[in-house]
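See below for the structure under consideration.
Quick caveat, the model's predicted, so the values are computed rather than measured. Below, all heavy atoms of this structure are taken into account, side chains as well, without hydrogens, waters or symmetry copies.
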Amino acid sequence: MEYEVTMRATFQFNKGVEVAFVAPLEISLDCFQCVRTRRTVVINGSGSLPFCTPSRHVFPVQVLSTSVQTQGRQTIVAYRLRYDFRPFADAKDGDPADVLPKWGRINFVAVCPVCKHGNEESVQNNIARPWKACCQQCGYVLYTERDEMPVFEMAEAA
């Protein structure tokens with residue numbers, strides 16, 4: 001059965017920071033092909049097929065849309081994904097599969113307004129917060145994470 005999920009992150013970038021969201025997008029999904037739970041699925045975009053790790057087989061997921069909204073210093077990025085899911089029990093530990101993703105990583109480049117260095121950054125669920133992202137060149141604070149990101153909103157596909 002097909003499902004849709006929105007993967008969203010909200011940032012408060014400091015003054016003058018320019019950001020561009022880049023591939024890959026990574027998400028933890030339970031894979032009925034591997035019969036394993038909590039697999040990282042890598043979505044590279046640009047015509048490249050998404051794949052399940054570590055086996056690297058093609059995974060049936062597609063990015064339906066990407067939106068980036070900026071209001072003052074707040075930037076919200078949202079990815080709408082559609083993927084196939086079939087219930088199963090994990091082949092190794094017997095855990096039941098779950099349709100809802102538990103983890104994700106969003107990659108981006110944040111350009112420092114002080115020295116113009118492009119910093120490769122990412123946000124993912126499983127880090128300790130609060131956490132500061134600083135320019136690797138001059139130390140300027142690009143943003144501070146306070147809340148868990150990304151968050152997931154599930155809706156069954158029509």
Side-chain angles (χ1 to χ4, degrees), residues 1-11 13 17-70 74-111 117-134 136 142-158:
M1 179 175 235
E2 287 189 332
Y3 289 85
E4 290 183 11
V5 67
T6 299
M7 181 175 172
R8 182 183 330 271
T10 303
F11 299 89
F13 290 104
V17 174
E18 295 177 21
V19 65
F21 295 94
V22 297
L25 182 64
E26 298 162 276
I27 188 169
S28 175
L29 292 168
D30 292 351
C31 181
F32 62 86
Q33 295 173 65
C34 294
V35 193
R36 296 301 311 275
T37 57
R38 299 174 296 278
R39 294 302 222 192
T40 298
V41 175
V42 180
I43 306 167
N44 281 314
S46 342
S48 177
L49 294 174
F51 61 91
C52 175
T53 62
S55 63
R56 300 189 65 84
H57 68 79
V58 174
F59 191 91
V61 62
Q62 66 185 96
V63 178
L64 298 176
S65 64
T66 303
S67 71
V68 179
Q69 298 176 343
T70 303
Q74 185 176 60
T75 300
I76 303 167
V77 61
Y79 298 90
R80 182 95 171 157
L81 307 172
R82 178 183 295 148
Y83 55 91
D84 286 338
F85 174 81
R86 298 177 198 153
F88 65 91
D90 186 274
K92 185 174 181 181
D93 59 22
D95 288 345
D98 190 353
V99 68
L100 184 64
K102 303 292 187 278
W103 173 88
R105 177 183 294 134
I106 297 172
N107 292 287
F108 57 97
V109 174
V111 178
H117 178 73
N119 297 271
E120 293 181 11
E121 299 287 340
S122 68
V123 61
Q124 64 189 50
N125 301 79
N126 59 346
I127 65 169
R129 291 176 175 89
W131 181 82
K132 289 182 181 178
C134 299
Q136 299 157 359
L142 303 168
Y143 71 99
T144 301
E145 285 183 41
R146 289 179 174 75
D147 301 316
E148 182 174 332
M149 304 189 274
V151 295
F152 302 98
E153 297 170 4
M154 180 65 84
E156 190 170 326

Quick one: pull up [atom1] in [X] and [atom2] in [Y] and give me the separation to the nearest 0.5 Å.
X: S55; Y: R36; atom1: OG; atom2: CZ; value: 10.5 Å
X: R8; Y: I76; atom1: CZ; atom2: CD1; value: 7.0 Å
X: F13; Y: Q74; atom1: CZ; atom2: CD; value: 11.0 Å
X: W103; Y: N125; atom1: CH2; atom2: CG; value: 8.0 Å
X: F51; Y: I43; atom1: CZ; atom2: CD1; value: 10.5 Å
X: E121; Y: Q136; atom1: CD; atom2: CD; value: 6.0 Å

Would you find a donor on one side and an acceptor on the other, under 3.5 Å apart, between the side chain of N107 and the backbone of V22?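 Absent.
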Mind telling me whether Y143 and F108 have parallel, tilted or perpendicular rings, with 30° and 60° as the class edges?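 If you compare the ring of F108 with that of Y143, the planes turn out tilted.
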Parallel under 30°, tilted from 30 to 60°, perpendicular over 60°: which one fits the rings of F88 and F85?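 Answer is tilted, since the angle falls between 30° and 60°.
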Using side-chain contact (heavy atoms from CB on, under 4.5 Å), reason through E26 and M7 one step at a time and then give a plain yes or no. CA-CA 10 Å; E26 298 162 276; M7 181 175 172; over 6 Å; no
Where do D98 and T37 land on the side-chain contact (heavy atoms from CB on, under 4.5 Å) test, with the steps shown first? CA-CA 8 Å; D98 190 353; T37 57; over 6 Å; no
Less than 4.5 Å apart, any side-chain heavy atom of M154 and any of P101?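 A side-chain contact under 4.5 Å exists here.
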Side chains of V109 and V19: closer than 4.5 Å at any heavy-atom pair?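 V109 does not reach V19 side chain to side chain.
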side-chain contact (heavy atoms from CB on, under 4.5 Å) between T66 and F21, worked out: CA-CA 10 Å; T66 303; F21 295 94; over 6 Å; no
Got a sec, which residues hit side-chain contact (heavy atoms from CB on, under 4.5 Å) with R38, two or more places apart in sequence or on another chain?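 Partners of R38 under the side-chain contact (heavy atoms from CB on, under 4.5 Å) test: S28, D30, D93, D95.
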Would you call E4 and R80 a salt bridge, taking side-chain N to carboxylate O under 4.0 Å as the test?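 Judged by the 4.0 Å cut-off on N to carboxylate O distance, E4 and R80 do form a salt bridge.
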Do other residues, nucleotides or ligands put more than 12 heavy atoms under 6.0 Å from K102 NZ?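 Check passes, neighbour count above 12.
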Verify side-chain contact (heavy atoms from CB on, under 4.5 Å) between F59 and V42, making sure each step is shown before the conclusion. CA-CA 9 Å; F59 191 91; V42 180; over 6 Å; no
Selection residues 46-65 - residue pairs positive for salt bridge (Lys or Arg N to Asp or Glu O under 4.0 Å), sequence neighbours left out: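 Qualifying pairs, neighbours excluded: none.
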Write down the atom of V61, the atom of P50, and the distance for their closest heavy-atom approach.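 What the structure gives for the nearest pair is O-CG, 3.3 Å.
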Determine the minimum heavy-atom distance between L142 and V17, stating which atoms define it.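 In this case the closest contact between L142 and V17 is O-CG2, 3.7 Å.
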